[in-house]
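All residue numbers refer to positions in the sequence shown, counting from 1. Predicted, not measured: the structure shown is a model, and the values here were computed from it.
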Amino acid sequence: MSLDVTVERLIPRPPAEVAGYAMDWRRDHEWTQGIRSAALTREADTGGFGVGAEVTRTAHFLGRRFEYVLRVAGYAPPQVLDMVSVAGPMPMHVTYTFEPTQGGTFARIRVRGGSTGFHRLTGPLMSRQVRSSLTKDLRALEARLTG
């Protein structure tokens, strides 16, 4: 089973503000479901956060605790943050995009991946759970920025 889930939400704030918050790995645990902590474990070649940087996240999902490492493959603030997993329980590709609209920012999160091991057995449930979590993520992001 291949996972491919996209969620979208209009957030009534400017793209630079929305993307600035969402692209800051130090805030991952504040708005991303299941993330308990995140750490910059490898800086970009140019230093800091950018293409080549790696963030290690500790998460809880479907009743399990795990760590995974995402490497930044694309970084063009405030439009795109594209990351691929380089370590973790399953291959994953996460893309955040932010588009300006008259009402603020059209935020989109897409998660793609392949199911392996434990996750292969939970395929349909996992897709529903990922969609639900991502929907909650964007709701929480909006609440953080507008509340």
R144 CZ to I11 CD1 distance, which is reported to the nearest 0.5 Å: 13.0 Å
Test item: S132 side-chain N/O and R128 main-chain N/O as donor-acceptor pair under 3.5 Å: no
Where I35 and A59 come nearest, the two heavy atoms and their spacing: CD1-CB, 3.9 Å
Identify all side-chain donor-acceptor contacts of residues 74-84 below 3.5 Å with residues at least two apart in sequence or on another chain.
| unit_1 | atom_1 | unit_2 | atom_2 | d |
| --- | --- | --- | --- | --- |
| D82 | OD1 | H93 | NE2 | 2.7 |
| D82 | OD1 | T95 | OG1 | 2.5 |
| D82 | OD2 | H93 | NE2 | 3.1 |

Nearest heavy atoms of D28 and A38, plus distance in Å: OD2-CB, 3.7 Å
Non-hydrogen atoms of G104 and P15 that approach each other most closely: O-CD, 4.2 Å
Hydrophobic cluster identity match, M92 and V86, side-chain contacts under 4.5 Å: no
Mutual orientation of the aromatic rings belonging to Y68 and F66 [parallel < 30°, tilted 30-60°, perpendicular > 60°]: tilted
V55 reachable from V69 in the ILVMFWY side-chain graph, under 4.5 Å edges: no
Nearest-0.5 Å distance, OG1 of residue T146 to CD of residue E17: 9.5 Å
Within one Ile-Leu-Val-Met-Phe-Trp-Tyr cluster: V94 and F49, side-chain cutoff 4.5 Å: yes
Side chain to side chain contact (heavy atoms under 4.5 Å, CB included) partner of L138, chosen from L10, V18, V7: V7
Audit row: L3, M90, side chain to side chain contact (heavy atoms under 4.5 Å, CB included) steps and yes/no: CA-CA 10 Å; L3 178 72; M90 65 176 257; 3.8 Å; yes
Atom pair CD (E142) and CG (D137), whose distance is rounded to the nearest 0.5 Å: 13.0 Å
With sequence neighbours excluded, residues passing side chain to side chain donor-acceptor pair (under 3.5 Å) with T6: none
Gap between atom CZ of R26 and atom CG of L40 - 0.5 Å precision: 8.5 Å
Joint hydrophobic cluster, I109 plus F106, side-chain heavy atoms closer than 4.5 Å: no
CZ on F98 to OG1 on T105, rounded to 0.5 Å: 8.5 Å
Atom pair CG (L134) and CZ (R9), whose distance is rounded to the nearest 0.5 Å: 13.0 Å
Set of residues satisfying salt bridge (Lys or Arg N to Asp or Glu O under 4.0 Å) with respect to R110, sequence neighbours excluded: D4
